[in-house]
Asker: 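Quick one: the structure is below, questions incoming.
These numbers were taken from a predicted model, which means no experiment stands behind them.
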Amino acid sequence: MIPAAFDYTRPASVDEAVAALADEDAKVLAGGQSLIPLLRLRLAAPTLVVDLGGLAELRGIRDGGDALVVGAMTTHASVLADPLVDRYAPLLAQATATVADRQVRHRGTLGGALAHADPAGDLPAVAVALDATLEIAGPAGRRTVAAADFFVDYLTTVLEPGEVLVAVHIPKREGWSTHYEKFSRVAQGWALVGVAAMVRRADGRIAEARVALTNMATTPVRAAAVEAALTGCAVDPAAVRAAAAHAAEGTGPTGDLSASAEYRSHLARVLTGRAVLAALGGPDDGAVGAAPAGGRPPGGVDNGTASGRADAA
């Protein structure tokens, strides 16, 4: 299908982009991996498309002291290749490695994925788990919003007309082990459910845990009951699975042609157990050993996608 007619502009600065976006019917073009299909299907019909592709200031990753600063136009491929991400935010790399395919990862951007706010997208839940802060530029200047407050509803964020996401600030978290687990109907597909897990161990027990869920509500959600159950928990597969049994509590999954709400709740419980155990460095059905360097699962970031059956607890 051919998109409806629209005007196009390619601003040379963030200020120019903000001015162009004052039009309430304008849409931002970042990597284009979400917007272009919507345009072709006429599910979006903006009068103006504002292309951020010329803004070099919105690309790249730098050390901001206590946090990594990731430009909103930084591609997924750049995130995967960056040593700062590998050291300080491996969860972001683990989840990014599961996004679609290589072609999409070379065009799609972190900021675009977050601003699109698809509940089946992998990176919003990761931003919430990492306690990221999103930097927004608008007519009144710049403001920051916690990732937990950025996502409002299905495909809806706090971004107002005239505002653009410019950077993502990710607190450095050394001493944590992490893993992202997802289940899809087909390779490179959207997650039926995804789990972003972070654990910190002390004295042979789990001292602290952060777990965020993908596609278990209209926005990413923290699995608060799981986090509470894991805190102080023995590093033991049975204890971890018992904590993971609380994963669906307080969520609001929907049913569709891909999965019922009940099946999504089941997946959340199973995948949370897998994700936490993988973060701890052990298999789902074996003893838990030392976490690998950087908190990544054995075999590297490409192990982030669940495969095979997910119907056994």
Side-chain angles (χ1 to χ4, degrees), residues 1 3 27-41 43-44 49 51-53 58-61 70-83 85-86 89-127 129-130 155 165 168 170 178-197 212-216 220 256-259 264 267 271 274-275 278 294 296-310:
M1 186 178 292
K27 288 286 187 183
V28 168
L29 176 66
Q33 302 307 293
S34 298
L35 179 62
I36 290 176
L38 292 177
L39 293 175
R40 292 186 62 189
L41 293 171
L43 296 175
V49 170
D51 183 356
L52 304 184
L58 299 189
R59 291 193 293 270
I61 301 168
V70 185
M73 288 293 289
T74 303
T75 65
H76 303 314
S78 296
V79 166
L80 284 171
D82 194 274
V85 173
D86 184 57
L91 179 62
L92 177 60
Q94 291 159 1
T96 300
T98 76
V99 172
D101 51 35
R102 291 179 183 270
Q103 292 88 339
V104 168
R105 292 195 293 270
H106 277 276
R107 294 293 301 175
T109 65
L110 175 59
L114 297 180
H116 185 55
D118 192 318
D122 304 292
L123 301 181
V126 171
L130 289 169
L155 301 180
L165 178 61
V168 182
I170 302 173
T178 66
H179 184 76
Y180 186 74
E181 188 84 10
K182 68 189 275 189
F183 188 84
S184 305
R185 292 182 61 206
V186 296
Q188 301 153 359
W190 294 99
L192 291 185
V193 173
V195 180
L213 305 176
T214 294
N215 217 4
M216 285 296 290
D256 53 31
L257 292 176
S258 297
R264 282 198 166 91
L267 282 175
L271 298 182
R274 291 182 182 178
R296 292 190 175 187
V301 297
D302 288 324
N303 287 346
T305 304
S307 60
R309 293 170 62 89

Asker: Taking all atoms of both residues into account, what is the closest heavy-atom pair of Gly53 and Arg59, and its distance?
Answerer: O-NH1, 3.0 Å

Asker: Before giving the answer on side chain to side chain contact (heavy atoms under 4.5 Å, CB included), spell out for Trp190 and Asp118 the whole-Å C-alpha distance, their side-chain angles and the decisive distance to 0.1 Å.
Answerer: CA-CA 10 Å; Trp190 294 99; Asp118 192 318; 3.9 Å; yes

Asker: Specify the closest pair of heavy atoms between Ala197 and Ala275, including all atoms of both residues, with the distance to one decimal.
Answerer: CB-CB, 3.8 Å

Asker: Compare all side-chain heavy atoms of Lys182 with those of Thr214 and state whether any distance is below 4.5 angstrom.
Answerer: no

Asker: Are the side chains of His106 and Thr75 in contact, using a 4.5 Å heavy-atom criterion?
Answerer: no

Asker: To the nearest 0.5 angstrom, please state how far the NZ atom of Lys27 sits from the CG atom of Leu39.
Answerer: 9.0 Å

Asker: Which pair of heavy atoms, one from Thr109 and one from Ala30, lies closest together, and at what distance?
Answerer: OG1-CB, 3.6 Å

Asker: Can you tell me how far CG of Leu41 sits from CD1 of Ile36, rounded to the nearest 0.5 angstrom?
Answerer: 12.0 Å

Asker: So Val195 and Leu213, side chain to side chain contact (heavy atoms under 4.5 Å, CB included) or not? Walk me through it.
Answerer: CA-CA 5 Å; Val195 180; Leu213 305 176; 3.9 Å; yes

Asker: Taking all heavy atoms of Ala191 and all of Gly194, pick out the closest pair and write down the distance.
Answerer: CB-N, 4.3 Å

Asker: Measure the spacing between OH of Tyr180 and OG1 of Thr98 and express it to the nearest 0.5 Å.
Answerer: 5.5 Å

Asker: Side chains of Leu110 and Leu92, heavy atoms from C-beta outward: is any pair under 4.5 Å?
Answerer: yes

Asker: Please report the closest heavy-atom contact between Leu192 and Ser258, naming both atoms and the distance.
Answerer: CD2-CB, 3.5 Å

Asker: Of all the heavy-atom pairs spanning Glu181 and Arg274, show the shortest one and how long it is.
Answerer: OE2-CD, 3.9 Å

Asker: Hey, what do you get for NE2 (His179) to CD (Gln94), rounding to the nearest 0.5 Å?
Answerer: 7.0 Å

Asker: With a 4.5 Å cut-off on side-chain heavy atoms, are Leu123 and His116 touching?
Answerer: no

Asker: Please check if atom CZ in Arg107 has more than 12 non-hydrogen atoms from other residues, nucleotides or ligands closer than 6.0 Å.
Answerer: no

Asker: Do Phe183 and Val193 have side-chain heavy atoms sitting under 4.5 Å apart?
Answerer: no

